[in-house]
There are 2 protein chains.
Amino acid sequence: MAKKTAVKSPKGPMTRSKRSASTLSKEVIVAAALDMIDHEGLESFSIRRLAKTLGVFPTAVTWYLASRREILAEVVELVTSDLSPARFYESWQEYLRLVFRKFRSAIRLHPHMAQLIGTHLIANPTVDLEFVERMLSALSYAGFRGDKLVAAYNTAIVSMVGFATQEFGPIPVEETDKWRDDIRGRLKSVTPQSFPTLAQHMSLLQNKAFIVRWQNGTEAPLDASFEFFIETVIGGLEAMLALR
Amino acid sequence: MAKKTAVKSPKGPMTRSKRSASTLSKEVIVAAALDMIDHEGLESFSIRRLAKTLGVFPTAVTWYLASRREILAEVVELVTSDLSPARFYESWQEYLRLVFRKFRSAIRLHPHMAQLIGTHLIANPTVDLEFVERMLSALSYAGFRGDKLVAAYNTAIVSMVGFATQEFGPIPVEETDKWRDDIRGRLKSVTPQSFPTLAQHMSLLQNKAFIVRWQNGTEAPLDASFEFFIETVIGGLEAMLALR
DNA sequence: ACCTGAACACCGTTCAAGT
DNA sequence: ACCTGAACACCGTTCAAGT
């Protein structure tokens, strides 16, 4: 939301034109960082550029958050906060559907965070334990006990995170046209002789399936596959329950 | 995923035995990069440090691979090459089991690559189409047709990649002790009143479940959960087949 | 407590210039 | 073709020093 208010000045950020609007704070820094990442990507995010947009010196930022990693951890927390469904749900299956969809919506809003969240949510000390409790409670209600509950929980978390972060994960950006032509060229080399199944379904697969796509979820969302995925996980858990 | 054909020097058998153990080449650079990442992590990998270990100037490296991204793309390809099971398999279920386990083994060998592969494999132009063909063929043999085949394929790929990359994804390293104490302290605050299900299963969950762990798969592998996950995906796909 | 300001040891990448 | 070498525009982080 914070637009670039930095004044171009050869001497650096000496003018804080709107100090009333936003005095520096942890929240302001994290929000500005997320905004920068959303607009310019994760790689071009830097403390120095962030400080410039905030109209302060880089070291002013590090007074609140000591390192780049700390800033990014806070941004991850911001994006993944409030994942538990607010709506009423009447079954554990419906709960899983809502949570999975809610997580995907969060990633869809901040696709550049996908690669970070894909691996770091899972090790984030700031994650809401209330979320963990609800997931466990839903699966316990489903009938999982002991070690099976642990395995079902890990299965649910990994599935929730995995699909969305891979769907919205980055596509090579620098020379998109060249890259897209590359993959399209390779796909044209697919013949019924070389890759029969792939060739047969090429029109259905291209740009709608992992590995043989040239856009990510932002431009080419995989809605149908995502819903199929949810039902697969739920159906699989039901099958695991039926085993004993 | 593309097969790596052994590269022989076109200049004959002149062996540079001394100081530079091998003359510079794309393969040598990529192998050295992977080695450096395996030993020191992804973040501390840099072209300049890589060049130093190779005994050349940084720009010598960029003659073969023009940018840092290009190097990392090649490393991803190296790590994820040869994923298709070599062994005979007698059912599509068994094929999925073998592929999932093989992928996890590859990530386990190179855990620092997990975060990169988690999002980038899925958009890698160098990926072996033979792998795609085999996965499609297995799912087609299972009985999936048309759009369902696409969805089942996406489900399988995402599942294969998601579990392993999250299991072996990075844990904050700089102040591991402090961080571990943090999460342990938070877990101690869990009471039957605040988080009943979590509290009840705490001994089973801690360090063996996502979010409430303080080590990653390298130190605390989730073998049981992984096998449960595989069977969940397979059982779920079977259930989706039974729908019509 | 909060921020400026300079400094340090790095980066990736570009552009010669050599051979 | 392959590599040296210098240079550029950046980094994150540390350490004062101000207020």
Side-chain angles (χ1 to χ4, degrees), chain A residues 4-30 32-33 36-37 40-75 116 170 172-175, chain B residues 7-12 14 16 18-30 32-33 36-37 40-75 116 170 172-175:
Chain A
K4 295 186 126 187
T5 56
V7 185
K8 199 67 175 126
S9 151
K11 271 303 183 179
M14 49 204 304
T15 55
R16 285 183 66 179
S17 49
K18 298 192 174 181
R19 54 166 45 238
S20 61
S22 61
T23 173
L24 210 53
S25 73
K26 199 166 136 180
E27 288 73 23
V28 167
I29 290 170
V30 173
M36 176 172 279
I37 291 168
E40 307 174 34
L42 193 58
E43 301 203 343
S44 61
F45 164 77
S46 77
I47 293 181
R48 294 182 104 101
R49 293 185 62 241
L50 176 64
K52 192 165 279 185
T53 72
L54 289 170
V56 297
F57 278 70
T59 41
V61 171
T62 65
W63 194 89
Y64 293 91
L65 293 158
S67 69
R68 180 187 156 90
R69 293 177 77 126
E70 241 172 74
I71 297 173
L72 292 179
E74 291 290 331
V75 176
L116 220 55
V173 286
E174 54 256 49
E175 299 161 20
Chain B
V7 177
K8 284 292 115 189
S9 168
K11 282 297 174 80
M14 60 185 311
R16 290 280 189 96
K18 279 309 169 190
R19 49 191 54 159
S20 61
S22 50
T23 174
L24 210 53
S25 73
K26 199 167 135 179
E27 287 73 21
V28 166
I29 291 170
V30 174
M36 176 172 278
I37 291 168
E40 307 175 33
L42 193 57
E43 301 201 344
S44 61
F45 165 76
S46 77
I47 293 180
R48 294 182 105 101
R49 293 185 63 241
L50 176 64
K52 191 164 281 184
T53 72
L54 290 170
V56 296
F57 278 68
T59 41
V61 171
T62 65
W63 193 89
Y64 293 92
L65 293 159
S67 69
R68 178 187 158 90
R69 294 176 76 126
E70 243 174 72
I71 298 173
L72 291 179
E74 291 289 332
V75 176
L116 220 55
V173 286
E174 54 257 49
E175 300 162 17

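Below, read A as the first sequence line, B as the second, and so on, with proteins coming before strands; counting in each chain starts at 1. Just the heavy atoms: all of them, side chains too, but no hydrogens, waters or symmetry mates, feed the values below.
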- Item | Side chains of B/V75 and B/L116 in contact at under 4.5 Å (non-hydrogen atoms) |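 No - every pair of side-chain heavy atoms lies 4.5 Å or more apart.
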- Could you give me the CA-CA distance, side-chain angles and deciding distance for A/V28 and A/L54, then say whether side-chain contact (heavy atoms from CB on, under 4.5 Å) is met? CA-CA 9 Å; A/V28 167; A/L54 289 170; 4.0 Å; yes
Interatomic distance where [atom1] belongs to [X] and [atom2] belongs to [N] [whole Å]:
{"X": "B/L50", "N": "C/dT13", "atom1": "CG", "atom2": "P", "value": "13 Å"}
{"X": "B/F45", "N": "C/dC10", "atom1": "CZ", "atom2": "C1'", "value": "15 Å"}
{"X": "A/K52", "N": "C/dC3", "atom1": "NZ", "atom2": "C1'", "value": "17 Å"}
{"X": "A/L65", "N": "D/dT14", "atom1": "CG", "atom2": "P", "value": "14 Å"}
{"X": "B/E70", "N": "C/dT13", "atom1": "CD", "atom2": "C1'", "value": "13 Å"}
{"X": "A/R68", "N": "C/dC11", "atom1": "CZ", "atom2": "C1'", "value": "12 Å"}
{"X": "B/W63", "N": "D/dC2", "atom1": "CH2", "atom2": "P", "value": "4 Å"}
{"X": "A/I29", "N": "D/dG12", "atom1": "CD1", "atom2": "P", "value": "14 Å"}

- Message: Please report the interatomic distance CD(B/E74) to CD(B/E27), rounded to the nearest 0.5 Å.
- Response: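 Reported to 0.5 Å precision, the distance equals 8.5 Å.
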- Separation between CD1 (B/I47) and NZ (B/K52), nearest 0.5 Å, reads 14.5 Å
- Would you mind telling me which of C/dC11, D/dT4, C/dC3 lies closest to the side-chain atoms of B/F57?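 Nearest listed nucleotide: D/dT4.
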- Task: Among D/dG12, D/dT4, C/dT13, find the nucleotide with the atom closest to the side chain of B/S67.
- Result: C/dT13
- Note on the structure: Output field dot_bracket for DNA chain D (Watson-Crick or G-U, both distances under 3.5 Å, | for other-strand pairs) contains ||.|||||...|||||.||
- Message: Heavy atoms only, 4.0 Å cut-off, all strands: where does A/R48 land among base, sugar-phosphate and nothing?
- Response: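 It contacts base atoms.
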- Message: Is it the case that the base of D/dG12 and the side chain of A/T62 share a donor-acceptor contact (distance under 3.5 Å, atom types as modelled)?
- Response: no
- Item | Partner residues of B/F45 under the side chain to side chain contact (heavy atoms under 4.5 Å, CB included) criterion, sequence neighbours left out | B/A33, B/M36, B/I37, B/L50, B/R68, B/I71, B/L72
- Query: Hey, does the side chain of B/Y64 reach the backbone of B/I29 with a donor-acceptor pair shorter than 3.5 angstrom?
  - Reply: no
- Is B/Y64 near enough to D/dA1 that one of its side-chain N or O atoms lies under 4.0 angstrom from OP1 or OP2? no
- Phosphate OP1/OP2 of C/dC3: any A/T59 side-chain N/O under 4.0 Å: no
- Could I get the full list of side chain to side chain donor-acceptor pair (under 3.5 Å) partners for B/R49, not counting sequence neighbours? B/E40
